[in-house]
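Working notes for the structure below.
Protein chains get the first letters and strands the later ones, always in sequence-line order, with residue 1 at the start of each.
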Amino acid sequence: MEYDFRRIEKHWQKVWSTQNSYNVEESAEKPKFYALDMFPYPSGAGLHVGHPLGYIASDVIARYKRHCGFNVLHPMGFDSFGLPAEQYAIATGQHPAITTETNITRYREQMKQIGFAFDWSREVRTSDPSYYKWTQWIFGKLFESWYDVEADRAKPLSELENSFSKNGNFSINPACEDEWWKGLEMSLFPHFGENFSGTFTATDWNSMSKQARNAILMHFRLAYLANSEVNWCPELGTVLANDEVKDGLSERGGHPVEKKTMRQWMMRITAYADRLISGLDEVNWTDSIKEAQRNWVGRSEGASVKFSGSSSASNCVVDVFTTRPDTLYGVSFMVLAPEHKLVPNFTSNENEAAVNEYILSASRKSERERQGEKTISGVALGGSVIHPLTGREIPVYISEYVLAGYGTGAIMAVPAGDERDWKFAQHFSIEIPDIFEGYDTNKAVCLDDKAKLKNSGSLDGLEKSAAIPAALNLLEKDGLGERRINYRLRDAVFSRQRYWGEPFPIYYENDIPNLISDVTVSLPTVDAYLPTTDGEPPLARANREDWPVFRGDRMETNTMPGWAGSSWYFLRYMDPHNNNEFCAREKSDYWGQVDLYVGGAEHTTGHLLYSRFWTKFLCDSDQISFDEPFKTMINQGMILGRSNFVYRIQGTEKFVTFEKRKDFKTQRLHVDITLVENDKLDVEGFCKWRTEYSNAEFVLGDDGTYTCGYEVEKMSKSKYNVQTPDELVEKYGADTLRCYEMFLGPLTQSKPWDTQGISGVHNFLRKISRLIESSSDVEPTKAELRIVHQAIDKVTADLNRHAFNTVVSALMIAVNELNDLDTPRSHQALRPLITLLSPYAPHLAEEVWALIGGEGLVIDSVWPKANPAYLVSDDTIYPVSFNGKVRFKLTLPTSMTAPEIEEIILADDRTKKQMNGREIRKVIIVPGRIVNIVG
RNA sequence: GCCCGGAUGGUGGAAUUGGUAGACACGUCAGACUUAAAAUCUGAUGACCGUAAGGUCGUGCGGGUUCAAUUCCCGCUCCGGGUACCA
């Protein structure tokens, strides 16, 4: 009987669905396993072959773990708020919810036909009010929390208020910005003088107005409002990301972009900086992802050093951050970021014009562009500072290589020991103080950590590791500076000027934000999805009566960013229909951390950092009992497309086959890959493809076919090389697609999508189906058992190390070897093989399982154990090498010892022939592996 | 610039801890079956020399360590990804 995958797959999908085979409940009897996939955004284009790659891998593991007796949670849902649906809404007026619904339906159908073991009863959608109700709830929790630096965890805001009312802000250390008080509206605090420096008493606090207290608390909340500079595009009425801005213009439309300060919601992720680093030690992720996160958080230990201004700027103090306080004596200039607030204080009258011009040109560049700039540029301000140790005057420059947002926005330049500073000094002919023994730093920069210092006062003779603590002591002793830890990580902007996102559960009364915690604030109806004419977000179009909930003077009209809903979705899957809690504690205690997360590495510094932050926060708030969301993660590689080309003879409608293209002057054109099979063009189909090709003629190859050229490049519609899984499922079936995507190569490597090899995998499934159909209820032979048990051993080991591709090979080898046997195949021997197959080709596995009388469904069968007795063979084939080169092979009993082997080998005629009279110097024997004779 | 990956036959890849390089599959070639085609099955297939036996070369390039290197070390080239000139 032919392998009828269409009937088989339809049938078993129906069986699983009617039996709810993949629905899962907590169970005390079984250990749990949580397999999670990246949260898909349902775009209009549908699923393409890159998507299922990760889903198949996690499905294989989920099914494998189920065979091993685990209670497996493997859910799927949709990150359904997002820009494309909103843009479609702007263009057509159709509510984004409708577009989203349509796309989700398509995605779900596509995923269902691939036969994933998803528990669809747990599907969640971030745009569903029953879901974002809880996103709002978590936001509310963050709004009403602060971070206690001493206890190193988040705490309820009420504790902070309580402490303020008893002790003011003495003896309490909440995470906040440096000099947080500087941004306060001082008119709210009439009794604080000009010298207010951030400390207040209980009496102060208790006498403050509500507005005043709110203004102070805002600096300590984990979700807070702050002024933040954004790329504002007045034309589009929206804020743009850095990479949406090119040369000061919006990428889309080319409109001018300006910096604008906006009052935005922020997340105090910086409070978690250290824990985001230390937590990495507890997870099983690749080192490169961990390293990227560490670099993103960017913890560096160093010192802040105070430089006083000289002459006209003598009332100024410039605070710099340095990781190399040991090189303090090598400072010969200072560089401020062009945006640094003290720039005017150091600028002399004659330099003013040049300085202003430089500031303007720097401000036009995005941060990215400034960082990528290779040429050295900068301007001397004219003013100088005093070196804190030597008292020398140090000139002050501005340059775009110093960023305002990092450290203090000012550096002390040490040209002798820093590459950039050295180049800068060379460029501007600034003196390079000689501070390293044995190095001529006027010729080249010294980057040797072992170099000993000179001309450095009490630090002379010390190398970096010893000099740093000595320098720190020196600075702290005289109050010239202090130890400091600096982070690159910045607080995350949490407001978006969009419609299709979670509304904030916030209303304003006298401009004080108030939390709405008793009801869900769902999206209001609006007449259009565009910003208002005065640049307010789309939600500002809603009148009071358009809001399902309206309180106070006005509602918050920003919405939350995409990462809000996706930062905690893995928790909602545990308890998706709970209307009283975001996730019941007993459920999150049962399912716990995600045991395997499969997804791309592109989320490293976004989603993966934010979910870790929220998880830690929820753990601090005692909502869940773990503070790292994803225990183990695998990052799948990118799938590239294989494009096909036809060669049009220039100026004609004639197309020449690949082999003969060089005989003509041709244009290479992309051709739709659906018209090509194994690089052979469907000539008729090609003529019908485009009206312009209807009269095409062809110069064919000698075999009468048209061969196309090919190239591997990015999968894209415009290159006609996009493969959706639908066509492949239609043509070969879901099981073939599943096996093939795994067979392609290592999951983590990016690789071309090339369907040429798919027939081999399809053949394998056909062979296995025939093999099992032809088996009978006889006693298994030893040879059969050996083949099957070797497969069990190999497949199990490969799955445990996530080597998905070699599992398919191992099964192919087993099937080929079983086919080669000339004894009848037995049901008993084949059953374990079907279980091994079932994670990869679950439909076919069910079919053949039922055929040879397996009990129940194969998906519930017990994973077989390899019997070691069948794995070892009595004989070992030894490759015998001479000086490392294999010359002949010898079969010897496996049990033979090294001296016995040596005796036999040396007696062998071939050995004598190889040695050709030379003396044997050494014989290396690795029992069970190899023999090497040196001579 | 910096950081992280990667490079193995015509193609995708295998070689798990330094131990037979090229498993498995595609493609190609030859053969069987067939009136023919498809499907299926069998065999060959890294390059070079050789009728063969056999030999030489061969895992991006150049060195090194080792009895033995795709694997470890040093230096480089190219490709991909990330990025923040991070003080």
Shortest side-chain distance from A:Thr323, nucleotide among B:rC57, B:rA87, B:rA25: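 Among B:rC57, B:rA87, B:rA25, the one nearest the side chain of A:Thr323 is B:rA87.
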Look at all strands and tell whether [X] reaches a base, only sugar-phosphate, or nothing, counting heavy atoms closer than 4.0 Å.
| X | answer |
| --- | --- |
| A:Arg766 | sugar-phosphate |
| A:Arg294 | nothing |
| A:Val880 | nothing |
| A:Ser809 | base |

task: Look at A:Ser300 and B:rA87 and indicate whether a side-chain polar atom (N or O) is within less than 4.0 Å of OP1 or OP2.
output: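 Checking B:rA87 against A:Ser300, a side-chain N or O does come within under 4.0 Å of OP1 or OP2.
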task: Classify the side chain of A:Lys794 and the base of B:rU16 as holding, or not holding, a donor-acceptor pair under 3.5 Å.
output: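 Check passes, donor-acceptor contact within cut-off.
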message: Taking the C1' atom in each of B:rC78 and B:rG60, what is the distance between them to the nearest angstrom?
response: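 Pairwise C1' distance, B:rC78 against B:rG60, rounds to 8 Å.
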query: B:rA68 and B:rG31: how far apart are their P atoms, nearest whole angstrom?
result: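 Here B:rA68 and B:rG31 have their P atoms 46 Å from each other.
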message: Taking syn as a glycosidic torsion within 90° of 0 and anything else as anti, which one is B:rG9?
response: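 Because its glycosidic torsion lies within 90° of 0, B:rG9 adopts the syn conformation.
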- prompt: For B:rG80, which nucleotide in any strand shown is its Watson-Crick or wobble partner with both distances under 3.5 Å?
  reply: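 Pair assignment: B:rG80 / B:rC4.
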- request: Start with the C-alpha gap between A:Tyr840 and A:Phe804, add the side-chain angles, then the distance that decides, and say whether ring-ring contact (aromatic ring centres under 6.0 Å, His included) holds.
  value: CA-CA 9 Å; A:Tyr840 281 76; A:Phe804 297 94; 7.1 Å; no
query: Is it the case that A:Arg910 places NZ or CZ above or below the six-membered ring of A:Phe888, under 6.0 angstrom from the centre and within 45 degrees of the axis?
result: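 Because its charged atom sits under 6.0 Å from the ring centre and within 45° of the axis, A:Arg910 does stack over A:Phe888.
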